[in-house]
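Heavy atoms only: backbone and side chains are in, while hydrogens, waters and symmetry mates are out. Only a predicted model underlies this, so the values are computations on that prediction, with no experimental measurement involved. In what follows, every chain begins at residue 1, and chains take the letters A, B, ... in the order their sequences are listed.
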2 protein chains.
Amino acid sequence: MWGPYYAAMSLRIAALGLLSEGPASGYDLLKHFEESMANVWPATQSQLYSELNKLSDGGLIEVSAIGPRGRKEYQITDDGRAELVRWVTSPQDDPPFRSAALLRVFLLGLIPAEQARTHLEGMAAHSDAEIARLSELRESLTCGRAVNPSDEAFFGLAALDYGLRLNAMQAQWARSVIDHLE
Amino acid sequence: MWGPYYAAMSLRIAALGLLSEGPASGYDLLKHFEESMANVWPATQSQLYSELNKLSDGGLIEVSAIGPRGRKEYQITDDGRAELVRWVTSPQDDPPFRSAALLRVFLLGLIPAEQARTHLEGMAAHSDAEIARLSELRESLTCGRAVNPSDEAFFGLAALDYGLRLNAMQAQWARSVIDHLE
DNA sequence: CAGGCCATGTAAGACGTTACATGATTTT
DNA sequence: AAAATCATGTAACGTCTTACATGGCCTG
């Protein structure tokens, strides 16, 4: 259906995933994006709108209502849900891991040691700030409640916890590299 | 020089970074890539060759020798080194963090709980395998030696250690999500 | 002289970023 | 009536993947 290219199609999937929770317009999705999936798969306004048109052309979503100001409300189709499940169960064709931050670490020998040290301190500080931001987000999402696996937000929070652990790891790592620098 | 677009340019940088260690051909770089930067910024043969031509056109590298079979050996220029340093000290315009694996976690509620559990076990197992692979790579790079900050390989090994910690974190995280699943 | 490795390249198309463009509706 | 917000779209361009193409050199 999508041709032989690009099994990944992650923004397509992110949009389908949000629509699987209920109908919404492109504008709605943009806002929902920011407080959820943008942390793991950011997208621009431009890209989202054109993706919605492609999804609609492909029959994975359809316009369910037209509102004021040309607002188009989309809903996911059965084909769309099938595609979502197919993607979720196909981790083997994810795009490869890439990290500009780690590439930079590789090249840190090119600048004076003191500057490299400052950069690593910046990485640690950035991670600390991310931990604060994500903790706040977590708090605002759970409101202190405990969350069960049956809860709709369960896996979103699991992803959030991944982010917390990732940043904790990164801060520790950066500080350990700094220690070895002396 | 590169126009207003795409401050990131990471493959360009990876190639420049390898060439900063000494002259090499595209073919050489491809092989060196696999055992070093491909872990943090993979690239295909096709992309690397065209990037070398662009770098050459831009004056950041130059052909230093022509060998048999049309082999072109490149070396980095002063402009190239300046660009490398500029990029290394500009972390602010890195491309944003993206993870298809985490996007999938977000959507794990779409499949039966037992299947989700199996997927998380697969993630943990994958991390264990990565740890084994990276440990082996580390061993083959250090040959048991201790590494000083003055060593050329120091930051490459720091990046490798990041990978080890990342996968350890991921395995722990996956198993903790599994625990909460019951 | 055949097979394997060395060595580079082109082309099509999907994905992502940036900038710009356009107009309707609601709020103050 | 002006300003803010809602709402969608186009165009140019850089990046990445996939597939295909081409030929020289070396070894058995």
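- In this structure, CZ of Arg69(B) is placed 7 Å from P of dC6(C), rounded to the nearest angstrom.
- Position along DNA chain C of the nearest nucleotide to Pro68(B) versus Gly70(A) favours Pro68(B) as the more 5'-ward residue.
- dG9(C) atom P lies 11 Å from atom CG of Asp57(B), rounded to whole Å.
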Please assess Tyr74(A) against Leu18(A) for the test side chain to side chain contact (heavy atoms under 4.5 Å, CB included), listing each intermediate value before the final yes or no. CA-CA 11 Å; Tyr74(A) 292 101; Leu18(A) 284 178; over 6 Å; no
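- Under the 4.0 Å criterion applied to side-chain N and carboxylate O atoms, Arg175(B) and Asp128(B) are assigned as salt-bridge partners.
- Separating the CG atom of Asn53(A) from the C1' atom of dA7(D) is a distance of 13 Å, rounded to the nearest angstrom.
- In this model, a donor atom of one side chain and an acceptor atom of the other lie less than 3.5 Å apart for Asn39(A) and Arg133(A).
- Applying the 4.0 Å criterion to OP1 and OP2 of dT8(C), one finds that Tyr49(B) has a side-chain N or O inside that range.
- Between the CG atom of Leu48(A) and the C1' atom of dA7(D) there is a distance of 12 Å, given to the nearest Å.
- Here dC15(C) is the nucleotide among dT5(D), dC15(C), dG9(D) with the atom lying nearest to any side-chain atom of Met9(A).
- Candidate nucleotides dT15(D), dT8(C), dC15(C) were compared by shortest atom distance to the side chain of Lys54(A), and dC15(C) ranks first.
- A side-chain donor-acceptor contact under 3.5 Å links Asp28(B) and Ser25(B).
- Between the C1' atom of dC6(D) and the OH atom of Tyr27(A) lies a distance of 5 Å, rounded to the nearest Å.
- Legend: residues meeting salt bridge (Lys or Arg N to Asp or Glu O under 4.0 Å) with Glu121(A), ordered by chain and number and at least two apart, are Arg117(A).
- Nucleotide dG16(C) holds its P atom 11 Å from the CZ atom of Arg98(A), rounded to whole Å.
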Any chance you could lay out the side chain to side chain donor-acceptor pair (under 3.5 Å) test for Arg104(A) and Ser99(A), step after step, and finish with the verdict? CA-CA 9 Å; Arg104(A) 181 169 292 102; Ser99(A) 168; over 6 Å; no
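- Looking at residues 28-47 of chain A, you'll see Trp41(A), Thr44(A), Ser46(A), Gln47(A) sit with a heavy atom under 4.0 Å from some atom of DNA chain C.
- For Arg81(A), the salt bridge (Lys or Arg N to Asp or Glu O under 4.0 Å) criterion is met by no residue, not counting sequence neighbours.
- Note: CG (Leu52(B)) to P (dT15(D)) measures 14 Å, nearest angstrom.
- One atom, CG of Asp94(A), and another, C1' of dC16(D), lie 16 Å apart when rounded to the nearest Å.
- For the pair Arg71(A) and dC6(D), the criterion of a side-chain N or O lying under 4.0 Å from OP1 or OP2 is not met.
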